[in-house]
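Structure, as C-alpha cells:
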Amino acid sequence: MSEMLAGERKARVERMVKAATEQNWGVFLRYFSRALFYKLGAAEPLHGPEACRDRLAEIYQKLKPTVHDVRGIWELGNVVIVEMDANYVTMDGGRPVKVPCCDVYRFEGELIKEWRVYPDASRVPPLA
Amino acid sequence: MDERLSRSKGDPREEFNLIRRMFLAGESMHPENFASFFHDDALYQFSNFPLAYGPRGIIDSSQDFLKKVKAVDHHIQNMWQVSDDTVVCEMEVVYARHDGEVLTLPCCDTVRIRGGKVQELRIYMDITPALAA
C-alpha cells in the first residue's frame, strides 16, 4: 500500500467529484479500486467502479449538478467525510433540488474502495 | 466500531458517550428526553425537513414522526471526532411503525457540541419509507 500525505485523500475525493460532475468518466474511474463498494442511501449496494459510474450517469440524465454547498470535509487516516447540501436542477424544467448529504469514503492506498452516501433523496424525481 | 480522533487534543469519550445517551433518550419516544440534550439556541436539521431550533422546536417537529413510528433503535457503526467540537456518527436506524412495518435505514449524523450539550445536530438520511402511509 502506498503512503499518502495528509490531506491527499481529501484532495483526491474533490478531484473525483469534479470528474463525476463533469461526467468525465475516464478520469472518474481512475480513483476507484476494482473492488469498490458503493452504497447510495438505502439502495442495494453496487460493486465495481463501472456500476457506480452507470448509476451516476443515470442520475445525471434527470438531474444536473450545480454548486454543492460543502459544510465540512475531513480526512482521518484512510477515511474522508464530506458534509454538504448537494444542489441540482432537474433536466426537465430546471427545478432546483437540494439533497442534504453526508458521504463517507474509505481508501485502500490511493484508491477509494468504499463509498457510502447518506442523502435525503426524497425530493429527487423518480429515476426510472 | 471505528472511533477515532482527527487530532490528538482532548479525549473524545465524553462526546461519544453524550451522543450515545442522546440517542438512547430518543429511543424513549418521549421527545422531551431527547431535546434535553440540546442548547436553547441549538440547530436541529432532519434532512430536508424545516430547521428546528432549541428543545421546544425539536419537540414540536417530532409530533408527526411520533404519529407514524412507535419505536426507534440506533445501531452506531462508527464515530469520528473530526474537530474539537464535531463528531460524525455513521449508523443504521431501525424504525418500527405503528402499522407493524419495521425498516432499517442507513444514516449519518454530524453533531456539534459545546459545553457538554448539543449545539447542532444534522441528520443525513432518507426517512421517507419510515413515514409512508
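Per chain, numbering begins at 1; letters A, B, ... match sequence-line order.
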- Query: Given a strict heavy-atom distance threshold of 4.5 Å, which part of B:Glu92 is in contact with chain A: side chain, backbone, both, or neither?
  - Reply: neither
- Note on the structure: The interface call for B:Thr104 against chain A, heavy-atom contacts under 4.5 Å, is neither
- Item | Heavy-atom donor-acceptor pair, A:Lys39 side chain to A:Ala43 backbone, under 3.5 Å | yes
- Item | A:Glu114/A:Arg116 ion pair, N-O < 4.0 Å | yes
- Students should find that the hydrophobic cluster of B:Val102, defined by side-chain heavy atoms under 4.5 Å apart, otherwise consists of B:Val94
- Note on the structure: Connected to B:Leu43, directly or through other members, by ILVMFWY side-chain contacts below 4.5 Å are B:Leu51, B:Tyr53
- Task: Heavy-atom distances under 4.5 Å only: say whether B:Cys107 touches chain A with side chain, backbone, both or neither.
- Result: backbone
- chain B contact via A:Asp103 - side chain, backbone, both or neither, heavy atoms under 4.5 Å: neither
